[in-house]
There are 2 protein chains.
Amino acid sequence: MRYVHIENPGPHNRLIIENGPKPECSKSQILVHVRATALNRADIMQRYGKYPPPAGESEVLGLEVAGDIIEVGANVTQFKPGDKVYGLVGSGAYAEYCPVEASLAQNIPDSWNYTLAAALPESLTTVYATLFDLGKLRSGQTLLIHGAGSGISSLAIQMAKLSNAHVITTVGSDDKMEKARKLGADQVINYRKQDFEDLIEDHSVDLIVDFVGGDYFNKHLHLLKPKSKLIQIACLKGSSVECNLALIMRKRLQIIGFVLRSQSLEEKNKLWDEVHKHWMEDLRAKKLTPIIDSEFKLEQIEAAHQHMQSGAHFGKIVVHVD
Amino acid sequence: MRYVHIENPGPHNRLIIENGPKPECSKSQILVHVRATALNRADIMQRYGKYPPPAGESEVLGLEVAGDIIEVGANVTQFKPGDKVYGLVGSGAYAEYCPVEASLAQNIPDSWNYTLAAALPESLTTVYATLFDLGKLRSGQTLLIHGAGSGISSLAIQMAKLSNAHVITTVGSDDKMEKARKLGADQVINYRKQDFEDLIEDHSVDLIVDFVGGDYFNKHLHLLKPKSKLIQIACLKGSSVECNLALIMRKRLQIIGFVLRSQSLEEKNKLWDEVHKHWMEDLRAKKLTPIIDSEFKLEQIEAAHQHMQSGAHFGKIVVHVD
């Protein structure tokens, strides 16, 4: 099968299409003929050698798939070959065939296409885990999430608004301000023009889910209400920060670290089941839907990555494998 | 009435006994003729100007009292003048008379004296809030808490052991090692002789409740298990720390700030009620009991503070007011 190989992982890496054996499918897995996958920031970190796959995972990039089942493991009863599914994987999605734990797959509703289904698994699970499972976001509370155009943020804004929360977000261009407002964001700040810290009242935010880190960290501590939460899911601006523990104590803040990929199958199953239980109705009705920025072919994977790195995208970047 | 006045709060302060008017008692309060109070580290911070009392609180030091009720507020039905009580206050305990919210007072059991009762409120409430309410410490889990001789730690070690947790603690002398073991600590480290980080396995601790901070902070991040908690309640070694957010994310840690004094009355009531519900039986039976290091008279308050600052104490330093 064809798959994307990282030649020379690290600062001088290159993505190339290679041919390799079709992967095996364990008793609890389904083997999916991948029709579409989607990009995540983690993929870029991985090719630069900064985010190695967890033990037992393949070296092939890609965390989410949509496609057709060609084989089911001996213990799998809920699916059969030919089913169209989408699923969450720890690696291996940038390929023609990808094994998926059956417990982390779902049938694709008739009204969806592969593009939409492939754009969903990673963001949907992460947003549910951080905003709701850990963050306990409730109606009337205020969420701050940066970069409205990221896959996670563009879904988080919708899910927070459907939960009647107040949403503050940031973008890097005026063009994106309009798009963020259309998603429902109540306050949109162009971070290239103004410091978000100046435009948000201190002690006014109930929950921050952040993938920026760096100098944003201390700004966040100031903006958070007493007893509120900062959930750190990545650190695009750096992970080494000066931290004022006195402020964390005085405000009784909770700083919570989150990653999805290295979680146990049991933990991922719980999140996957819960998010579908709570959100499938809105997803089917397309009240909640992943925002698609652009679509590439597998052979254009380098261009797709460059597009993500440029920061020009708003929504998910999907890659078609066939 | 006599009370302890902080002359010139700040680096050159002095504690002196002064005379002032007896405080008023609101409708929800009881006025207590204080027979004993006890020292907390916060008192020392306050005299040095580093921990001002919350808005609405008196400038008089002291966070816990035991004594006799001489007056009850119009809305107080559960107490009457003459009752012997102990209680938690936001200030004002270093005095002959102290108003106490009736909801934060308890009758002193017959088998206790004022010394024991005065030593309990602040540590008992803080340990309950951090180990159990926030920390969710369970049987079989491992707790690390430094300075076994502090009022909080000497009570926390007992409460953790009664909950069948594994307890690791540190002390500053060999003499104190024996005392910490008698309290039930499973592993006791003399931090003046060895680095605790070298003697505790990485990724082995479920909960750290810490009042040290400073360079301990990053050691704690290494020692904690994935998905475990660090609850920061003070920072004797400094509150400005370098923080590795990548480590916090990778291990999915929770860093939680805690202070008791500035909490709302409603929050304190909840903790006060819950801790008595869960622990009163063990307290009455003296299976759980505050460790008393030494007793001073109100006129010796400066000596009592110096004793705490010397670090030579093991257990609470109690001050008798009559």
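Residue numbers start from 1 in every chain, and the chains themselves are labelled A, B, ... in the order their sequence lines are given, proteins ahead of strands. Note that these values count all heavy atoms, side chains included, but never hydrogens, waters or copies made by symmetry.
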Which value, rounded to the nearest 0.5 Å, describes the distance between [X] atom [atom1] and [Y] atom [atom2]?
| X | Y | atom1 | atom2 | result |
| --- | --- | --- | --- | --- |
| L230(B) | L245(A) | CG | CG | 8.0 Å |
| Y51(B) | R250(A) | OH | CZ | 10.5 Å |
| I255(A) | L253(B) | CD1 | CG | 12.0 Å |

#### Entry: Part of K227(A) within contact of chain B (heavy atom distance under 4.5 Å)
side chain
#### Entry: I233(A) versus chain B, the contacting section by heavy-atom distance below 4.5 Å
backbone
## Note on the structure
Heaviest contributor of heavy-atom pairs below 4.5 Å to chain B, chosen from P226(A), A234(A), G213(A), is A234(A)
### Heavy-atom closest pair, residues V259(B) and M249(A)
CG2-O, 3.6 Å
### Message
If you count heavy-atom pairs within less than 4.5 Å of chain A, which of Q263(B), K229(B), E242(B), K251(B) leads?
### Response
Q263(B)
